[in-house]
Amino acid sequence: MPSMRSDRVFALVDGNNFYVSCERAFNPRLEGRPVIVLSNNDGCAVARSQEAKDMGIVMGEPWFRLRHLERRGLIALSSNYALYADMSARMMSVIGQFCPRQEVYSIDESFLEFEGFARWNLTEHCRDIRDRVRKWVGIPVCVGLGATKTLAKLANRIAKKAPEMGGVCNLSGMSEAGLFEYLGRVDVRDVWGIGSRLTEKLASMRILTAADLARANPDLIRMRFGVQVERTVRELNGLPCFDLETEPPPKQQIVSSRSFGRLVEDKRSLADALHTYVARAGEKLRQQDSVCSTVGVFLMTNRFMPDEPQYHSMASISLPFPAQDGFTLAKAAQRGLDAVYKPEFRYQKAGVMLMGLAPAAQRQESLFGDAPSGRQDLSKLLDGINDRMGRDSVRLAVANQSRPWAMKRGNVSPAYTSSWKQVAIVR
DNA sequence: TCTGGGGTCCTAGGACCC
DNA sequence: TCTGGGGTCCTAGGACCC
């Protein structure tokens with residue numbers, strides 16, 4: 001249900017071209033140049049500097065189609081998630097100093113909720129956020145303010161597009177006419193929650209801008225598109241329907257998967273890759289202290305190769321007891337592989353899903369006695385060692401160390417902030 | 001040669017129960 | 001001439017997000 005408290009203002013603080021900005025913070029030579037960061041496997045562009053956007057590079061464009069732009073000065077970096085995650089944590093903690101209610105929404109975005117700030121000049125307050133993050137963390141951010149999360153998102157977008165606003169756009173406390181003037185200039189596709197499918201369907205109803213959507217009849221919208229889109233309409237009109245989530249709810253599923261550096265056909269290599277993924281997924285599971293009841297294993301061929309026989313499938317293995325220990329999970333993953341593997345295909349990607357998650361504390365006991373528990377402690381012990389000594393210091397023995405499936409990372413920057421061996425050096 | 005990875009929510013429809 | 005109705009749970013698929 002929508003809540004009716006007044007005097008609430010939401011803000012969205014969002015890092016500009018976040019991954020590129022993280023790289024620039026440690027490598028000033030990247031400043032002022034077209035830079036992109038590539039996805040895993042150096043697959044496609046997932047972050048672009050303004051200069052790169054100006055060259056016409058779009059989000060998700062594959063690297064092999066961009067490579068020729070290197071001649072025109074384009075710099076492409078492999079992704080360095082250890083660096084970005086660490087920079088994100090720093091940025092979020094600085095932002096949190098400015099508001100008691102903070103939601104970390106994604107690696108580069110944070111919602112804030114100001115309540116009881118009526119006497120404050122929030123626009124100025126948010127300029128201070130921007131300045132301090134820039135100074136202390138080295139990341140440029142923009143801030144949008146509005147009566148709802150959806151409006152704050154939209155304001156943030158306006159701030160990014162209009163540099164003359166100084167990085168902060170405040171749509172709260174504005175007259176309705178003024179607000180709709182802004183909404184009229186935003187494409188409906190750029191509204192939070194409206195993707196490409198909905199954009200098409202809305203266009204057939206002559207709903208083209210955020211203002212059109214705000215004026216649409218919420219009941220009609222609910223009937224045709226469901227409750228989520230109805231909420232978006234109400235939020236555009238200033239009625240909060242999405243609350244701040246100050247602490248993230250535990251995950252309901254955990255996925256670990258990767259595309260391979262090249263096609264893989266032998267089962268042994270797949271098993272080796274899957275062991276790595278299931279180990280990673282298990283770490284995440286134990287981190288949130290959950291158990292899972294089902295382990296899924298999926299394989300897929302390369303859908304971009306029409307001449308290659310295509311196959312994708314997933315097997316779900318139900319565990320006799322909900323578990324979190326690495327041995328049980330690895331064994332289930334192996335069984336999953338046995339179930340989906342077909343030798344006649346060449347695979348591009350594989351992954352593991354942990355499903356049916358529940359807090360470890362409320363795990364159901366078996367009717368016929370306790371589930372084995374000794375292994376759990378061992379898994380946690382291994383997590384502890386890996387945490388201190390570096391990932392994969394200790395892992396379950398699954399021979400094949402050649403890793404023909406390993407990820408491509410042609411141009412990765414050092415782990416400046418998270419590895420003592422690679423820390424930045426000031427001369 | 002080369003096209004990411006990890007999530008959420010909602011809905012419809014089938015199975016099953018009384 | 002006649003074939004209930006309502007509720008829950010589960011799953012698959014679609015749509016969205018970063």
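A note on names: the letters A, B, ... follow the listed sequences, proteins ahead of strands, and every chain is numbered from 1.
With B:dT11, B:dC9, C:dC16 as the candidates, the nucleotide lying closest to the side chain of A:Gln228 is B:dC9. Taking every side-chain heavy atom of A:Cys44 into account, B:dT3 is the closest of B:dT3, B:dC10, C:dC18. Comparing atom distances between the A:Glu109 side chain and each of B:dC2, B:dG7, C:dC18 picks out C:dC18 as nearest. Side-chain proximity of A:Gln253 to B:dC2, B:dG5, B:dT8: nearest is B:dT8. Residue A:Phe304 has its side chain nearest to B:dT3 when only B:dT3, B:dC2, C:dC17 are considered. Listed nucleotides B:dT11, B:dG6, B:dT3 differ in distance to A:Ser256; the shortest reach to its side chain belongs to B:dG6. The A:Lys349 side chain lies nearest to B:dG5 when the options are B:dG4, B:dG5, B:dC2. The side chain of A:Arg67 approaches B:dC2 more closely than any other nucleotide in the set B:dC9, B:dC2, B:dG4. Each of B:dT8, B:dG5, B:dG7 was ranked by its minimum atom distance to the side chain of A:Ile254; first place goes to B:dG7. Comparing C:dC18, B:dC10, B:dT8 by their closest approach to the side chain of A:Arg231 singles out B:dC10.
A:Arg262 has no side-chain polar atom (N or O) that falls below the 4.0 Å cut-off from OP1 or OP2 of B:dC2. Between A:Gln348 and B:dT3, a side-chain N or O to OP1/OP2 separation shorter than 4.0 Å is present. Under 4.0 angstrom from either OP1 or OP2 of B:dT3 there lies no side-chain N or O belonging to A:Ser259. For C:dA15, the OP1/OP2 oxygens have no side-chain nitrogen or oxygen of A:Arg189 closer than 4.0 Å. Of the side-chain N and O atoms in A:Lys284, one or more sit less than 4.0 angstrom from OP1 or OP2 of B:dG7. Distances shorter than 4.0 Å separate none of the side-chain N or O atoms of A:Lys153 from OP1 or OP2 on C:dC17.
Between A:Glu103 atom CD and C:dC18 atom C1' the separation is 13 Å, expressed in whole Å. When the C1' atom of B:dT11 is taken as reference, atom CD of A:Glu230 falls 15 Å away, rounded to whole Å. One atom, NE2 of A:His68, and another, C1' of B:dT1, lie 17 Å apart when rounded to the nearest Å. Distance, A:Met223 CE to B:dC10 C1': 17 Å, rounded to whole Å. Distance CZ (A:Phe225) to P (C:dG14): 17 Å, rounded to an integer number of Å. Summarising the geometry, the separation between CZ on A:Arg197 and P on B:dT11 is reported as 18 Å, rounded to the nearest angstrom. The interatomic distance linking A:Met305 (CE) with B:dT3 (P) rounds to 8 Å, in whole Å. Rounded to whole angstrom, the span from the CD atom of A:Gln287 across to the P atom of B:dG6 amounts to 14 Å.
When atom types are taken as modelled, the side chain of A:Ser172 and the backbone of A:Gly146 share no donor-acceptor pair closer than 3.5 angstrom.
Under 4.0 Å is where a charged nitrogen must lie from a carboxylate oxygen, and between A:Glu113 and A:Arg8 at least one such pair does. Using a 4.0 Å cut-off between charged side-chain N and carboxylate O, A:Glu308 and A:Arg346 make a salt bridge. Ionic pairing of A:Asp338 and A:Lys267 is present here: one or more N-O contacts between side-chain nitrogen and carboxylate oxygen are shorter than 4.0 angstrom.
Within 4.0 Å of A:Val191, counting heavy atoms only, lie sugar-phosphate atoms of the nucleic acid but no base atom. Among the protein residues, A:Glu61 comes within range of no part of the nucleic acid, since none of its heavy atoms lies under 4.0 Å from any strand. Using a 4.0 Å heavy-atom cutoff across all strands shown, A:Ile194 reaches sugar-phosphate atoms only and no base atom. Using a 4.0 Å heavy-atom cutoff across all strands shown, A:Ser79 reaches no nucleic acid atom at all.
To the nearest whole angstrom, the two P atoms, one in B:dC17 and one in C:dT3, are 24 Å apart.
Looking at A:Asn80 and A:Ser78, their side chains never bring a donor and an acceptor atom within 3.5 Å of each other. Checked by atom type, the side-chain pair A:Glu23/A:Tyr84 shows a donor-acceptor distance below 3.5 Å.
Comparing A:Lys251 and A:Asn302 against DNA chain B, the residue whose closest nucleotide sits nearer the 5' end is A:Asn302. Map A:Arg303 and A:Gly226 each onto its nearest nucleotide of DNA chain B; the residue landing nearer the 5' end is A:Arg303.
Atom NZ of A:Lys53 sits in a crowded spot, with more than 12 heavy atoms from other residues, nucleotides or ligands closer than 6.0 Å.
Look at B:dC18: its Watson-Crick or wobble partner, with both distances under 3.5 angstrom, is C:dG5.
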